[in-house]
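Down below is the structure, laid out as structure tokens.
Side chains are part of it too, since the values below use all heavy atoms of this structure and drop only hydrogens, waters and symmetry mates.
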Amino acid sequence: QVQLVESGGGVAQAGGSLRLSCASSGRTFRSYAVGWFRQAPGKEREFVAAITGSGGSTGYADSVKGRFIISRDMAKYPVYLQMNSLKPEDTAIYYCAASTGWTFMPTNYAYWGQGTQVTVSS
């Protein structure tokens with residue numbers, strides 16, 4: 001069982017930055033690919049970014065490419081999402097999730113955190 005806890009959400013102005021963290025106490029966390037997803041009110045959950053267990057490969061949605069950076073601390077386990085040049089349309093609840101495979105589809109992620117709210121004001 002993998003338990004995930006997100007932190008770092010909050011309110012930022014357009015053009016600002018926030019960093020989200022995804023932590024797990026499980027010692028096997030490093031073996032999972034981790035994805036970040038977001039869900040805005042009235043919209044479906046969408047893929048944001050993902051990173052492999054080794055940290056060697058990453059993937060991004062076109063809407064965040066060049067602005068967001070996903071990384072993981074191989075010594076301390078957390079996965080980070082650095083969000084720069086934030087836009088009001090980035091406002092959503094952000095979730096981290098873990099998968100045994102390399103995928104961008106939310107249905108293929110077995111473990112999910114509770115989510116953290118990100119609000120970007122214009």
| query | More than 12 heavy atoms of other residues, nucleotides or ligands under 6.0 Å from CD of Glu46: is that the case? | reply | yes
| query | Under the side chain to side chain contact (heavy atoms under 4.5 Å, CB included) criterion, do Arg38 and Val64 qualify, and how do the steps go? | reply | CA-CA 12 Å; Arg38 65 188 181 186; Val64 306; 4.0 Å; yes
| query | More than 12 heavy atoms of other residues, nucleotides or ligands under 6.0 Å from CD of Gln3: is that the case? | reply | no
| Less than 4.5 Å apart, any side-chain heavy atom of Phe68 and any of Leu86? | yes
| Does Val48 share a hydrophobic cluster with Leu18, counting links as ILVMFWY side-chain heavy atoms below 4.5 Å and allowing steps through other members? | yes
| message | Taking Tyr111 as the starting point, is it possible to reach Leu81 by hopping between hydrophobic residues whose side chains are less than 4.5 Å apart? | response | yes
| Any chance the side chains of Ser17 and Asn84 put a donor and an acceptor closer than 3.5 Å? | yes
| said: Thr91 vs Val118, test: side chain to side chain contact (heavy atoms under 4.5 Å, CB included). Steps then yes/no. | reply: CA-CA 5 Å; Thr91 295; Val118 170; 5.9 Å; no
| query | Should Asp90 and Lys87 be marked as a salt bridge (charged side-chain N to carboxylate O under 4.0 Å, His left out) after you check the CA-CA gap, both sets of side-chain angles, and the distance that decides it? | reply | CA-CA 5 Å; Asp90 294 320; Lys87 303 176 181 180; over 6 Å; no
| query | Has Arg72 got its NZ or CZ under 6.0 Å from the middle of the six-membered ring of Tyr80, at an angle within 45 degrees of the ring axis? | reply | no
| task | Check each of Tyr94, Tyr95, Trp112 against Phe37 using the ring-ring contact (aromatic ring centres under 6.0 Å, His included) test, and report the only one that passes. | result | Trp112
| task | Of all the heavy-atom pairs spanning Tyr60 and Ile69, show the shortest one and how long it is. | result | OH-CA, 3.4 Å
| Heavy-atom check, side chain of Phe47 versus side chain of Pro106, under 4.5 Å | no
